[in-house]
2 protein chains.
Amino acid sequence: MGQPSPEPRPDVFQAIADPTRRQLLHMLGDHEMPVTAISGHFPMSRTAVSKHLRILTDAGLLKERKVGRETRYRLEPEPLLELKRWLSYYERYWDNKLLALQRFVESDQDEM
Amino acid sequence: MGQPSPEPRPDVFQAIADPTRRQLLHMLGDHEMPVTAISGHFPMSRTAVSKHLRILTDAGLLKERKVGRETRYRLEPEPLLELKRWLSYYERYWDNKLLALQRFVESDQDEM
DNA sequence: AGTATATGAAACCATTTGGTTTCATGTCAA
DNA sequence: TTGACATGAAACCAAATGGTTTCATATACT
């Protein structure tokens with residue numbers, strides 16, 4: 001009755017938690033690249049890199065395109081906006097004036 | 001001969017990967033709170049919450065303060081700046097004009 | 001002094017994660 | 001068509017993760 005498969009998209013926070021995957025995003029920002037070329041830059045097997053690529057793709061952070069016998073990956077930055085939105089909530093804590101006010105307002109809870 | 005213990009601070013990306021920990025950060029932004037009060041808001045044991053609090057504290061995202069027999073935790077937003085810096089690199093991909101230019105420049109690689 | 005409260009440490013456990021090697025499939029080139 | 005290349009899937013494995021229960025310790029209350 002609803003959409004057929006609501007796609008269980010893993011969240012972007014999990015996806016970027018791994019340093020290898022962050023390197024992948026950085027590497028695929030400007031050039032689309034096939035798997036073998038990508039994996040040459042990492043000290044692990046091609047299949048290991050391939051699994052990271054899948055995780056990033058599932059999170060929506062990469063787009064894959066088949067060209068002949070190779071699969072090329074490229075950055076899809078849109079899901080990072082969720083991260084940006086999450087982070088923007090904490091902008092207010094970097095404003096020192098506001099921070100001082102907050103601490104003053106709740107100072108009555110600071111017994112002892 | 002260097003500093004005594006350079007503290008192996010776990011990275012902030014790992015720390016915020018867990019949704020429970022993100023909730024904790026949100027909860028502790030405005031009020032300092034002791035462990036038992038905090039854990040009342042989560043469907044897990046107090047010790048489980050305590051371990052999350054430790055991870056966040058080790059990552060520098062929380063400050064703990066002993067008050068009598070309780071330990072109170074509060075948000076320490078500074079390490080989020082690393083995340084902000086990381087994210088800012090990708091700002092350029094959200095600028096559609098720049099994105100169009102990039103794709104044009106590398107269009108010679110797009111055979112087929 | 002003795003009891004209750006607040007917390008962290010420890011030992012333990014199931015699941016997830018990040019890697020491996022092997023195998024199957026599809027495409028390109030001779 | 002035959003062989004090499006590019007890739008993903010599968011089975012497997014060790015270590016990390018996120019949770020539990022139990023125990024020890026420090027502080028507060030009567």
Side-chain angles (χ1 to χ4, degrees), chain A residues 7-28 31-74 109-112, chain B residues 7-28 31-74 109-112:
Chain A
E7 59 194 39
R9 245 228 221 165
D11 76 296
V12 68
F13 293 92
Q14 189 70 20
I16 65 164
D18 185 273
T20 298
R21 290 198 286 268
R22 291 198 296 277
Q23 265 189 264
L24 283 168
L25 292 181
H26 189 265
M27 179 177 307
L28 295 170
H31 343 280
E32 174 184 73
M33 284 174 77
V35 178
T36 303
I38 296 168
S39 77
H41 294 78
F42 294 88
M44 67 188 70
S45 71
R46 176 187 51 78
T47 38
V49 172
S50 188
K51 291 210 290 186
H52 283 303
L53 291 170
R54 165 135 325 279
I55 289 167
L56 289 170
T57 304
D58 287 349
L61 286 163
L62 295 180
K63 270 289 288 290
E64 64 182 16
R65 182 171 74 106
K66 289 287 193 69
V67 174
R69 57 183 157 181
E70 56 188 27
T71 308
R72 300 184 186 171
Y73 290 86
R74 171 201 287 281
Q109 297 184 42
D110 283 333
E111 65 248 9
M112 155 132 228
Chain B
E7 58 193 40
R9 243 228 221 166
D11 77 298
V12 67
F13 293 91
Q14 190 70 18
I16 65 164
D18 186 273
T20 299
R21 289 198 287 268
R22 291 198 296 278
Q23 265 190 264
L24 283 168
L25 292 180
H26 189 266
M27 180 178 307
L28 295 169
H31 343 280
E32 175 185 72
M33 285 174 75
V35 178
T36 304
I38 296 169
S39 76
H41 294 80
F42 293 89
M44 67 187 73
S45 71
R46 176 188 52 77
T47 37
V49 172
S50 188
K51 292 210 289 186
H52 284 302
L53 291 170
R54 166 134 324 278
I55 288 168
L56 290 169
T57 304
D58 288 348
L61 286 163
L62 294 180
K63 271 288 290 288
E64 64 181 16
R65 182 171 72 107
K66 289 287 193 68
V67 175
R69 58 183 156 178
E70 58 188 25
T71 308
R72 299 182 187 174
Y73 291 86
R74 171 201 287 281
Q109 298 184 43
D110 281 334
E111 66 248 9
M112 154 131 227

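Lettering follows sequence order; numbering is per chain, from 1.
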Is the backbone N or O of A/R46 less than 3.5 Å from a side-chain atom of A/S50, with the two atoms forming a donor-acceptor pair by type?
-> no

Atom-pair distance (CG on A/L24; P on C/dG19), nearest Å | 10 Å

Side-chain N,O (B/S50) to OP1/OP2 (C/dG8) below 4.0 Å | yes

Contact pattern, 5' to 3', of nucleotides 16-25 of chain D - B, S or - by protein heavy atom under 4.0 Å | -SSBBBB---

The residue, A/K66 or A/R69, whose nearest nucleotide of DNA chain D is more 5′ is A/R69

OP1 or OP2 of C/dA6 sitting under 4.0 Å from any side-chain N/O of B/T71?
-> no

Who are the side chain to side chain donor-acceptor pair (under 3.5 Å) partners of B/S45, not counting sequence neighbours?
-> B/T47

Can you check the A/R54 CZ to C/dG19 C1' distance for me, whole Å?
-> 17 Å

Figure out the CG/P separation between A/D58 and C/dG18, and round it to whole Å.
-> 13 Å

How close or far is atom C1' of D/dT7 from atom OH of A/Y73, stated in whole angstroms?
-> 8 Å

Between D/dC5 and A/T36, is there an OP1 or OP2 to side-chain N/O distance shorter than 4.0 Å?
-> no

Whole Å only: how far is the CD1 atom of A/I16 from the P atom of C/dG18?
-> 13 Å

Excluding sequence neighbours, so at least two apart, what forms ring-ring contact (aromatic ring centres under 6.0 Å, His included) with A/H41?
-> none

A/E70 CD to C/dC28 P: how many Å, rounded?
-> 9 Å

Base, sugar-phosphate, or nothing for B/F42, non-hydrogen atoms under 4.0 angstrom?
-> nothing

Just list the side-chain donor-acceptor pairs under 3.5 Å for residues 21-28 of chain A, sequence neighbours left out, or say none.
{"residue": "A/R21", "atom": "NE", "partner": "A/A15", "partner atom": "O", "Å": "2.7"}
{"residue": "A/R21", "atom": "NH1", "partner": "A/H52", "partner atom": "ND1", "Å": "3.1"}
{"residue": "A/R21", "atom": "NH2", "partner": "A/Q14", "partner atom": "O", "Å": "3.3"}
{"residue": "A/R22", "atom": "NH1", "partner": "A/I16", "partner atom": "O", "Å": "2.7"}
{"residue": "A/R22", "atom": "NH1", "partner": "A/A17", "partner atom": "O", "Å": "3.1"}

For atom CD1 of B/I38 and atom C1' of C/dA6, their distance in whole Å = 12 Å

Determine the minimum heavy-atom distance between B/T20 and B/D18, stating which atoms define it.
-> N-OD1, 2.8 Å

Pairwise distance CG(A/L62) to CZ(A/R72) - rounded to 0.5 angstrom | 15.0 Å

Given B/K63, B/H31, B/E32, B/E64, the one that forms side chain to side chain donor-acceptor pair (under 3.5 Å) with B/Y73 | B/E64

